[in-house]
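Reading through the structure tokens given below for one structure.
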Amino acid sequence: MYSWIGFGKQFGKKRLTREAMKMNNPSKALSKKKSRLTQPVIDRPENLGKPQMKWGSDVVAEVTRRLDLKYIALVPGASYRGFHDSIVNYLGNENPQMVICLHEEHAVSIADGYGKVTETPMAVALHANVGLMHATMPIFNAWCDRTPMIIFGANGPVDAHRRRPWIDWIHSSKDQASMIRHYIKFDDQPASPQAAVESVLRANQIARTAPHGPVYIVLDAGLQESPLSEEISIPDAARFAPPPSPAVPHDSLLQVVRAIEGAKFPLLLMGRVSRNQADWDRRVHFAEAIGAAVLTSSNDPAAFPTTHPLHFAPPCVRPNKDAAALIKLADLIISLDWLDLAGVLRLALDKAQTQEPAAKTIIGCSVDSIRTNGWSMDHQALAAVDIPIFAEPDQLVAQLLDEMGVKKNGKMKTRSGMKSLVHWNAKPVVKSAATGQPMTLWDMAMTMREFAKGNSVTFSRLPIGWPGEACEFNGPMSFMGNDGGGAVGTGPGHTIGAALALKDSDRLVIGVLGDGDYLMGVNALWTASHFDIPVMIVVADNRSYFNDEMHQERVAQMRSRPAQNRWIGQRIDAPRVDLVAMARAQGFASEAPVSTAAELSAALERGAEIVAKGGRYFIDSLVLPGYADSGPDQRAGSAKKN
Ligand SMILES: Cc1ncc(C[n+]2csc(CCOP(=O)(O)OP(=O)(O)O)c2C)c(N)n1
Ligand SMILES: [Mg+2]
């Protein structure tokens, strides 16, 4: 099999501590930790000799090499053949190493999955026009996910006299980035190799500065394929590092402390926070020190231990009953970049519109406002906030602990208003269906929860309707969040990208996907096999785009029309798609579909053994159509044709 080579230092960020701030030296905040990520020795070029930087595209490759970009996901295309050659024959297919994909949508989704885990960018290369067109949807999703990503596109030759007939003309467009400019943070089309140096350094800095996001650099084919005619200066990339989070002004910090001291029932909404273990620990200390209840969102990566005594309600997207009760009870709400603060308050407090004031003190901590534009509305409704904090949430937590002098392992503060609350995890667990009964989504979810308990599982994705009660997350790698852009088809790519990032760890990466999501993105799987990435995919197979059956049922009911027709144009049946064959065809081990909790348990054990040895496993888990996010009596399984 393949062997692996070690890899060097990584651009990373540390919180600004009081000491670092005193020194007023942001570079102190760069992590010195060695990356544990390694690159597979695979697809090795031969007879390279000692490659010299001689071509325009060599310069782009050279700068890219210095940015600690380990991988470049791609589908090839002649528009960037110069850059492709530079990566293979100049860089030796290392740093970045090519991750070949069967669709541009997967190249971007894999980079998104990777970025969610590492909070660092993966590079992507896309063919002119058509490759970019294939990739637009996952680029939008990465934008919504706030995932850093450096995308190289191509164009031209921009100089029309150098274009080959036909093919170069269809690969040329004016302002190519306009196709995606509404959902990227930066784009550029440098006109010379020296300008490309600056362009790539700037793109890297912007992608890695919070709020993270994708950036796009268009490489003119003329620039790529021109021999260098002058000396190129490539500066030390460390001098173009992303800045750490802005610090919270001391006055604001004191306001927050006073609000906490005056609160009877503080509630922490843990939203888009970091994947860093030390930050996780600080969030736990903070919640315990101030005795705040905690909510987490099942849209976002794990942010807080979900079975912790202060995490009273199961994770959710829209507030479930328990979450709404907590929001109603709270007199102080501290939002740590909660995705939709105004929306969640509106739903929980039964407000007719988002601007209706909530009679609570609200602290909103986020840097998201600087990324807002007029095209995408993914910035969500405007929240009323009493103490606005422009900083990354973990920066605020670190400074608050410092300011309040919170000791590690101090006692958890208890609040009288919390005594009567029953923790979601203390409620009697509804057993899975009796052996032999077909599984509901609830049964499947509870079976997976049991399995995950004994294994170090990273859920790269969870399907629609998955119950919060199945989300037992105990660390920042437990769950990577769902598709921020509501992008069906990204699940397989996200899973493989997350597994690539975690391939040298002891974590078992599992993507639990809807069958519609799996089928739309299914040929992402081949990349995992080609790269020998250990991973498991489990499909909650209801043979339907079931989410939309629910919509059709609702519309029919609103219009007093027959709801039993909701399945038409929704069912993925007749013929049944052989999901297992599609996985096997791409190098995954699998077995016959399972339809009971006992069968699923056994399949998971078999799969875990194979993945632990470095393999890939696929499970087709048949479930009755229906959702379990409102509890074990799952919704709407009945109105169906058969
Ligand atoms: C690219 C894209 N196309 C269509 C949709 C609309 N859509 C939302 S959920 C969904 C169904 C997804 O099916 P599946 O993954 O099987 O999950 P299920 O609804 O069955 O739970 C569809 C089609 C979407 N969100 N994204
Ligand atoms: Mg489905």
Side-chain angles (χ1 to χ4, degrees), residues 103-106 108-109 112 133-145 180 183 298-299 317-318 376-378 438-445 448 459-468 470 481-495 510-525 537-555 566-580 582-583 593 595 618-630 634-642:
H103 197 297
E104 286 85 356
E105 194 162 289
H106 309 328
V108 175
S109 291
D112 194 355
M133 286 167 176
H134 258 181
T136 51
M137 193 271 291
I139 293 174
F140 173 69
N141 192 72
W143 163 263
C144 293
D145 279 341
I180 54 169
Y183 40 95
S298 38
N299 255 345
V317 179
R318 286 165 167 260
S376 168
M377 299 298 139
D378 70 284
M439 267 183 294
T440 60
L441 193 62
W442 175 273
D443 301 327
M444 176 180 169
M448 301 241 22
F459 288 110
S460 56
R461 284 279 294 265
L462 292 169
I464 309 171
W466 198 252
N482 281 331
D483 45 335
V488 174
T490 52
H494 283 173
T495 298
I510 305 182
V512 190
L513 314 176
D515 51 330
D517 188 28
Y518 170 74
L519 284 169
M520 227 185 262
V522 70
N523 60 342
L525 271 61
I537 290 180
V538 184
V539 166
D541 183 4
N542 54 19
R543 281 87 64 208
S544 174
Y545 289 124
F546 185 73
N547 177 68
D548 288 87
E549 285 197 42
M550 303 297 294
H551 283 292
Q552 295 320 126
E553 179 171 301
R554 225 164 294 144
V555 171
R566 71 177 197 193
W567 60 272
I568 294 174
Q570 308 285 0
R571 289 286 160 108
I572 312 171
D573 222 339
R576 267 273 296 284
V577 186
D578 190 340
L579 309 189
V580 168
M582 295 178 102
S595 57
F618 175 79
I619 300 172
D620 182 359
S621 174
L622 300 172
V623 289
L624 298 169
Y627 284 153
D629 51 358
S630 54
Q634 73 174 35
R635 288 184 283 129
S638 53
K640 58 184 184 276
K641 134 184 125 135
N642 44 23

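All ligand and atom numbering here is 1-based and tracks the order in the structure.
Rounded to the nearest 0.5 Å, atoms CD1 (I537) and CG (L525) are 4.0 Å apart. With values rounded to the nearest 0.5 angstrom, D517 atom CG is found 9.0 Å from H494 atom NE2. S621 contributes atom OG, which lies 8.5 Å from atom CG of L441 (distance to the nearest 0.5 angstrom).
Backbone and side-chain nitrogen or oxygen atoms of I464 are examined, and none is located within less than 3.5 angstrom of a nitrogen or oxygen of ligand 1. Among the atoms of Y545, none of the N or O lies under 3.5 angstrom from an N or O of ligand 1. Considering backbone and side-chain atoms together, M520 places no N or O closer than 3.5 Å to any N or O of ligand 1. Checking only distances, A487 never comes within under 3.5 Å of ligand 1, N or O to N or O. Residue-to-ligand polar distances keep I572 apart from ligand 1: every N/O pair is separated by 3.5 Å or more.
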For W466 and S298, run side-chain contact (heavy atoms from CB on, under 4.5 Å): C-alpha distance rounded to whole Å, both residues' side-chain angles, the deciding distance at 0.1 Å, then the answer. CA-CA 9 Å; W466 198 252; S298 38; over 6 Å; no
Begin from the C-alpha positions of D541 and Y518 and carry the test side-chain contact (heavy atoms from CB on, under 4.5 Å) through to its verdict. CA-CA 9 Å; D541 183 4; Y518 170 74; over 6 Å; no
Dump the intermediate steps for side-chain contact (heavy atoms from CB on, under 4.5 Å) on Q552 and I568, then the final yes or no. CA-CA 9 Å; Q552 295 320 126; I568 294 174; over 6 Å; no
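Looking at Y518 against ligand 1, nothing comes within 4.0 Å, counting heavy atoms. Residue contacts with ligand 1, taken as heavy atom pairs separated by less than 4.0 Å, involve N542 solely via side-chain atoms from C-beta onward. Contacts with ligand 1 closer than 4.0 Å are made by backbone heavy atoms (N, CA, C, O) of S544 only, the side chain lying farther away.
Counted by atom type alone, H103 and N523 present zero donor-acceptor pairs between their side chains at under 3.5 Å. A side-chain N or O of T440 and one of D443 form a donor-acceptor pair less than 3.5 Å apart. Side-chain polar atoms of S460 and T495 form a donor-acceptor pair below 3.5 angstrom.
Two residues are said to be in side-chain contact when any heavy atoms from C-beta on lie closer than 4.5 Å; L579 and D515 meet this criterion. Residues R566 and R554 are not in side-chain contact: their nearest non-hydrogen atoms beyond the backbone lie 4.5 Å or more apart. Side-chain contact check for R543 versus L622: some heavy-atom pair is nearer than 4.5 Å. Side-chain contact check for L462 versus M448: every heavy-atom pair is 4.5 Å or farther apart.
V488 N, 3.3 Å is the protein heavy atom nearest to atom 26 (N) of ligand 1. Residue, atom and distance of the protein heavy atom nearest to atom 15 (O) of ligand 1 are D517 N, 2.9 Å.
Those atoms of ligand 1 that come under 4.0 Å of a heavy atom in Y627, given as number and element, are 18 (P), 19 (O), 21 (O). Less than 4.0 angstrom separates some heavy atom of F546 from each of these atoms of ligand 1: 18 (P), 19 (O), 20 (O). Set against the non-hydrogen atoms of D548, the atoms of ligand 1 under 4.0 Å away are 6 (C), 7 (N), 8 (C), 9 (S), 10 (C), 11 (C), 22 (C), 23 (C). Residue N547 has at least one heavy-atom neighbour below 4.0 Å for each of these atoms of ligand 1: 8 (C), 9 (S), 18 (P), 19 (O). Every atom of ligand 1 is numbered from 1 in the order shown, and the set under 4.0 Å from a heavy atom of G516 is 13 (O), 14 (P), 15 (O), 16 (O).
Contact annotation: G486 has at least one heavy atom less than 4.0 Å from an atom of ligand 1.
Closer than 4.0 Å to atom 4 (C) of ligand 1 lies none of the heavy atoms of the protein.
Heavy-atom minimum distance, P463 versus G514: CB-N, 3.9 Å.
Of all the listed residues (D515, D541, L441, T490), D515 holds the heavy atom that lies closest to atom 16 (O) of ligand 1.
Using cut-offs of 30° and 60° for the angle between ring planes, the Y627 and F546 rings count as perpendicular.
Shown are the protein N/O/S atoms under 2.8 Å from the Mg ion (ligand 2), given by residue and atom: D515 OD1, N542 OD1, S544 O.
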